[in-house]
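First the structure, in the form of structure tokens, and then the observations on it.
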Amino acid sequence: MTTRRKPSSAMPPLLKAMNERTVLEAIRSGAPISRAEISRRAGISKPTVSLALRALVDAGLVREADHDPDGPSYGAVFFEPVPDAALVLGLDLGARFVRGAVCDLGGTTRVRQDVELVAGSDADAALAAIVGLGARLVEAAGGVPDVVDGVVVGVPGVVDDEGRLHLSHFTTLEGRDLADELERGLGHPVTLMNDINLAATGEHWRGVAQGVDDFAFLSVGTGLGMGLVLDGELRLGRHGAAGELDYSLVGFGAAHDPCASAVSALASELVSREGAATVLTPPFEPRDVFAAARGGDPIAREVVAEVARRIALHIAPVAAVADIGLVVLGGGIGANGDLLLDRIRAYLAEWLPYPPRVEISSLGEAAVLSGALAVGLRAALDNVFRERRTAV
């Protein structure tokens, strides 16, 4: 007769920690979730799941939850993360706004607020706006400062290993030790990341790129930037400057630039043609150009057609080299999908043997902020898991 061994409580510490981390991830991604479903998703035996659940409950990381209302429970016990174990603060420094939000360990956004920057704000004013907004958000979320695990801030430019900003249109922030300044102001550890990389992370977490392992987020607005995800991982490059597409067509001049200033310049050039009939007038703001195109203005539609071609010209080399399956368009120019998508898709289908799917960001202006929360949440889960297990 063969007897089945019971799981040993003397499981090696490393294996025990790995099992608990795997179970915690299964609960976070599928809550509310039953013991049996955890076992199926994680590929771990039910007795081992039980041991891990006991440790996670004792550590205050997970708790019993109501069962999924969309299905029968069959008497099973369901589990969910303890959302109040830590909070994450995400911030996005843009050209005109500072956006911020706080989320808990369950990934639920507790509070969000946007603050408009005063035109011509200098570096100190922008930093003060970030610090002030961060403090208000934590207070509004009902948390105490000690519960905040960390802060992730999206900034326009390349962030070096020392937390300094480079190649940014915020020239007054160039080379400053932003991470250190913000840590002192906010009173929490701060992670600085390029805003477009965070937008790609946000789309991968909760946007149109969910479940896609090879894709690019292309932002076309006042500038041009790309976040590249390959094999499910964000790729930063040697200097953290991967995706700086403003430098990709050096030597070709403005003839291939799809950004805001080039849109205005192109509209001005076409309108100056003798006898051109149009509603467009100086200063030819891109917003007005796209609005006129929707109204059928022939000059505006010609501008839009050329902008689509220029965007496709920037996508094609990346798609050919990296063989990505999806391009997500964002930014003030790129978000005009009703006018751009069909044209861009047609160009890529003509030029490439394996053209990627092209879609508009489903998160819009919240993409960077969503990415900041995703990065902070991942770090908070690791930190809380390690600290709570050690305490127990």
Side-chain angles (χ1 to χ4, degrees), residues 1-88 103-110 143 146-150 152 201 204-206 209-214 229-234 370 373-392:
M1 178 178 175
T2 302
T3 58
R4 182 176 295 173
R5 290 185 177 181
K6 295 181 179 180
S8 171
S9 60
M11 184 183 295
L14 178 59
L15 180 58
K16 184 173 183 290
M18 290 175 60
N19 287 336
E20 291 170 10
R21 191 69 176 87
T22 301
V23 169
L24 181 59
E25 281 295 326
I27 295 171
R28 186 181 70 84
S29 62
I33 187 170
S34 68
R35 194 185 321 258
E37 182 63 14
I38 295 170
S39 176
R40 187 187 69 79
R41 292 193 185 188
I44 300 175
S45 70
K46 290 181 183 178
T48 302
V49 169
S50 296
L51 287 175
L53 281 171
R54 189 182 311 154
L56 292 172
V57 169
D58 290 344
L61 292 170
V62 303
R63 66 188 182 191
E64 292 186 11
D66 295 333
H67 72 82
D68 185 350
D70 296 328
S73 66
Y74 301 114
V77 178
F78 287 73
F79 295 88
E80 66 182 3
V82 175
D84 298 325
L87 297 176
V88 172
C103 81
D104 58 33
L105 282 194
T108 299
T109 299
R110 296 284 189 88
D146 289 346
V147 179
V148 177
D149 180 80
V152 179
T201 302
H204 202 204
W205 182 37
R206 285 185 167 169
Q210 288 182 84
V212 181
D213 285 340
D214 300 288
V229 174
L230 298 176
D231 298 324
E233 297 293 332
L234 183 67
S370 295
L373 294 176
V375 170
L377 179 59
R378 190 178 305 131
L381 285 166
D382 287 337
N383 294 338
V384 173
F385 174 72
R386 183 171 55 250
E387 292 166 3
R388 293 290 180 95
R389 286 191 71 257
T390 301
V392 172

**Prompt:** Where the side chain of Thr22 meets the backbone of Met18, is there a donor-acceptor pair that is under 3.5 Å apart?
**Reply:** yes
**Item:** Distance, nearest 0.5 Å, that separates CZ of Phe385 from CD of Glu20
**Value:** 5.0 Å
**Message:** Name the residue from Val147, Leu105, Asp146, Asp149 that meets the side-chain contact (heavy atoms from CB on, under 4.5 Å) definition with Leu87.
**Reply:** Val147
**Message:** side chain to side chain contact (heavy atoms under 4.5 Å, CB included), that's the test. Do His204 and Leu234 meet it? Break it down for me.
**Reply:** CA-CA 10 Å; His204 202 204; Leu234 183 67; over 6 Å; no
**Item:** CG-OG1 distance between Leu373 and Thr109, expressed to the nearest 0.5 angstrom
**Value:** 5.5 Å
**Request:** Show your reasoning for whether side chain to side chain contact (heavy atoms under 4.5 Å, CB included) applies to Glu64 and Val57.
**Result:** CA-CA 8 Å; Glu64 292 186 11; Val57 169; over 6 Å; no
**Asked** At what distance, to the nearest 0.5 angstrom, does CD1 of Ile44 lie from CG of Leu51?
**Response** 11.0 Å
**Prompt:** Of the non-hydrogen atoms in Ala65 and Pro32, which two are nearest, and what is the gap between them?
**Reply:** CB-CB, 4.2 Å
**Asked** Can you name the closest pair of heavy atoms from Gly30 and Ile33 and give their distance?
**Response** O-CB, 3.5 Å
**Message:** To the closest 0.5 Å, what do you measure between CD1 (Ile38) and CZ (Phe78)?
**Reply:** 10.0 Å
**Prompt:** Where do Ser29 and Ala26 come nearest, in terms of heavy atoms and distance?
**Reply:** OG-O, 3.3 Å
**Heavy-atom pair with the smallest gap, counting every atom of Ala52 and Val23** = CB-CG2, 3.8 Å
**Request:** First locate atom CZ of Arg28, then atom CD of Glu25, and finally report the distance between them rounded to the nearest 0.5 Å.
**Result:** 4.5 Å
**Request:** Go through the steps to decide whether Phe79 and Leu56 satisfy the test side chain to side chain contact (heavy atoms under 4.5 Å, CB included), and finish with yes or no.
**Result:** CA-CA 10 Å; Phe79 295 88; Leu56 292 172; over 6 Å; no
**Message:** Using every non-hydrogen atom in the two residues, find where Asp214 and Asp231 come nearest and quote the distance to one decimal.
**Reply:** OD1-N, 2.9 Å
**Message:** As an exercise, state the distance from CZ of Arg63 to CG of Leu53, rounded to the nearest 0.5 Å.
**Reply:** 14.5 Å
**Request:** Could you pull out the closest heavy-atom pair between Ser34 and Ala76, with the gap in Å?
**Result:** CB-CB, 4.2 Å
